[in-house]
Amino acid sequence: MSGVIVTNPPKAELKDVDALAGFGVATVSEAMGRTGLLGPGIRPVQQGVRVAGTAVTVLGPPGDNLMIHAAVEQCGEGDILVVTTTSPSTDGLFGELFATALKQRGVRGVVINTGIRDTQELREMGFAAWSRAVSAQGTVKATGGSVNLPIAIDGQVIRPGDVILADDDGVVVVPRERARATVEKAEAREAKEAATRAAFLGGQLGLDRYGLRETLVRLGVTYKSYDEYVREEAQP
């Protein structure tokens, strides 16, 4: 396959990226109307880490990491490398040597829709990574692809410069032009959740705070004591 490497694409403002890093993936997805999530198959190789950065995107053939080498040159401070392939692959396209080169350039992590290896080394060096699989299977460097074009993972389109937020719960993409608005919506959602948390600590039930008792009635859900239930079930 032929390809193209796009240089200097527009990016979300770093101040908005850093602000989004203050929220969890779930909060940000909810703030965008429950959108933007990559599927649950993309999992972290570490725990207790949350990062946000601007996407540098890579599309290449399965089992071939040539275009990751090309992408390193396009990466800089505050970026996250996002990699997918033209057909499904679990080969270990990314490992400790790539992470070393990227960390030196200020890259905050990698999200890869294939396999990853050297996971112990990645954890020890503090380079955050999310992947479809963990695999020691090696790759070649033989076929062209593209860098900094829109790609799709699990139905989500990721453009260069979009915000990638990743934590223990998964990965979400925020379109670069929606970054500031999403920060504001996430702040409002966190404030609302803080009030709910305080109410729950005070003993209030979700059934009452969210008005769900009326929903149960509308759905025909009834309450019965154990004795009533047993007696009715025993009737022929």
Side-chain angles (χ1 to χ4, degrees), residues 1-5 25 36-75 79-160 162-173:
M1 61 180 288
S2 59
V4 61
I5 298 172
V25 165
L37 287 174
L38 275 59
I42 304 289
R43 302 301 304 150
V45 303
Q46 67 285 308
Q47 289 291 301
V49 174
R50 180 189 298 155
V51 297
T54 45
V56 172
T57 60
V58 180
L59 177 66
D64 191 315
N65 65 8
L66 172 62
M67 297 315 296
I68 299 180
H69 283 279
V72 171
E73 184 181 26
Q74 305 305 316
C75 290
D79 286 333
I80 289 181
L81 187 69
V82 186
V83 181
T84 193
T85 49
T86 54
S87 61
S89 173
T90 58
D91 294 334
L93 266 67
F94 187 96
E96 177 264 335
L97 291 178
F98 273 135
T100 299
L102 291 172
K103 190 173 183 180
Q104 190 274 335
R105 300 178 75 87
V107 174
R108 296 177 174 179
V110 63
V111 174
I112 185 164
N113 192 30
T114 68
I116 200 168
R117 61 185 187 176
D118 303 332
T119 57
Q120 178 179 341
E121 289 81 1
L122 295 180
R123 288 189 293 271
E124 289 174 349
M125 67 187 292
F127 191 83
W130 286 256
S131 68
R132 176 72 61 183
V134 173
S135 174
Q137 178 63 50
T139 60
V140 299
K141 302 167 182 61
T143 310
S146 296
V147 176
N148 278 335
L149 291 185
I151 61 174
I153 298 177
D154 294 336
Q156 297 296 332
V157 175
I158 303 167
R159 302 168 304 163
D162 284 349
V163 183
I164 300 296
L165 174 66
D167 62 17
D168 289 349
D169 291 337
V171 182
V172 65
V173 55

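By convention here, the first residue in the shown sequence is residue 1.
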Step-by-step side chain to side chain contact (heavy atoms under 4.5 Å, CB included) determination, Phe94 to Leu102: CA-CA 11 Å; Phe94 187 96; Leu102 291 172; 3.6 Å; yes
Whether Ser146 side chain and Val4 backbone form a donor-acceptor pair below 3.5 Å: yes
Side-chain donor or acceptor of Arg159 paired with backbone N/O of Asn148 under 3.5 Å: no
From CD (Glu124) to CD (Gln120), nearest 0.5 Å: 4.5 Å
Smallest separation among heavy atoms of Gly95 and Asp118, with atom names: CA-OD2, 3.5 Å
Inter-residue atom distance Phe127.CZ - Glu121.CD, 0.5 Å rounding: 14.0 Å
Distance, nearest 0.5 Å, that separates CE of Met67 from OG1 of Thr84: 14.0 Å
pair Val134-Ile116: side-chain heavy atoms closer than 4.5 Å: yes
Trp130 vs Gln46 side-chain heavy atoms within contact, under 4.5 Å: yes
Side chain Asp162, main chain Ala55, donor-acceptor under 3.5 Å: no
Evaluation steps, side chain to side chain contact (heavy atoms under 4.5 Å, CB included), between Lys141 and Asn65: CA-CA 6 Å; Lys141 302 167 182 61; Asn65 65 8; 3.1 Å; yes
Ile68 side chain near Val110 side chain, heavy-atom distance below 4.5 Å: no
Minimal non-hydrogen separation, Pro62 against Pro88, with atom names: CB-O, 4.2 Å
Nearest non-hydrogen partners of Thr114 and Ser131, listed with the distance: O-CB, 3.8 Å
Nearest heavy-atom neighbours spanning Ala99 and Leu122: CB-CD2, 3.4 Å
Exam field: side chain Thr57 to backbone Leu149, donor-acceptor pair closer than 3.5 Å: yes
Listed partners of Gln156 passing side chain to side chain donor-acceptor pair (under 3.5 Å), at least two apart: none
Arg43 CZ to Asp169 CG distance, which is reported to the nearest 0.5 Å: 7.0 Å
Worked verdict on Val82 versus Ile153 for side chain to side chain contact (heavy atoms under 4.5 Å, CB included): CA-CA 10 Å; Val82 186; Ile153 298 177; 3.9 Å; yes
Flag for Thr100-Gln104: side-chain donor and acceptor within less than 3.5 Å: no
Within-4.5 Å side-chain heavy-atom neighbours: Val49 and Val51: yes
Within-4.5 Å side-chain heavy-atom neighbours: Val25 and Leu37: yes
Considering all heavy atoms, the nearest Pro61-Thr143 contact: CG-CB, 3.5 Å
Worked verdict on Ile42 versus Arg132 for side chain to side chain contact (heavy atoms under 4.5 Å, CB included): CA-CA 5 Å; Ile42 304 289; Arg132 176 72 61 183; 3.7 Å; yes
Residues, nucleotides or ligands: over 12 heavy atoms within 6.0 Å of Glu73 CD: no
4.5 Å side-chain heavy-atom contact, Leu93 and Thr85: yes
Any donor-acceptor N or O pair under 3.5 Å, side chains Asp79, Thr54: yes
From CG (Leu38) to CG (Asp154), nearest 0.5 Å: 5.5 Å
Check: Arg50 and Leu165 side chains under 4.5 Å, non-hydrogen atoms: yes
Minimal non-hydrogen separation, Thr139 against Asp91, with atom names: CG2-CB, 4.0 Å
Close side-chain approach of Arg105 and Val72, heavy atoms under 4.5 Å: yes
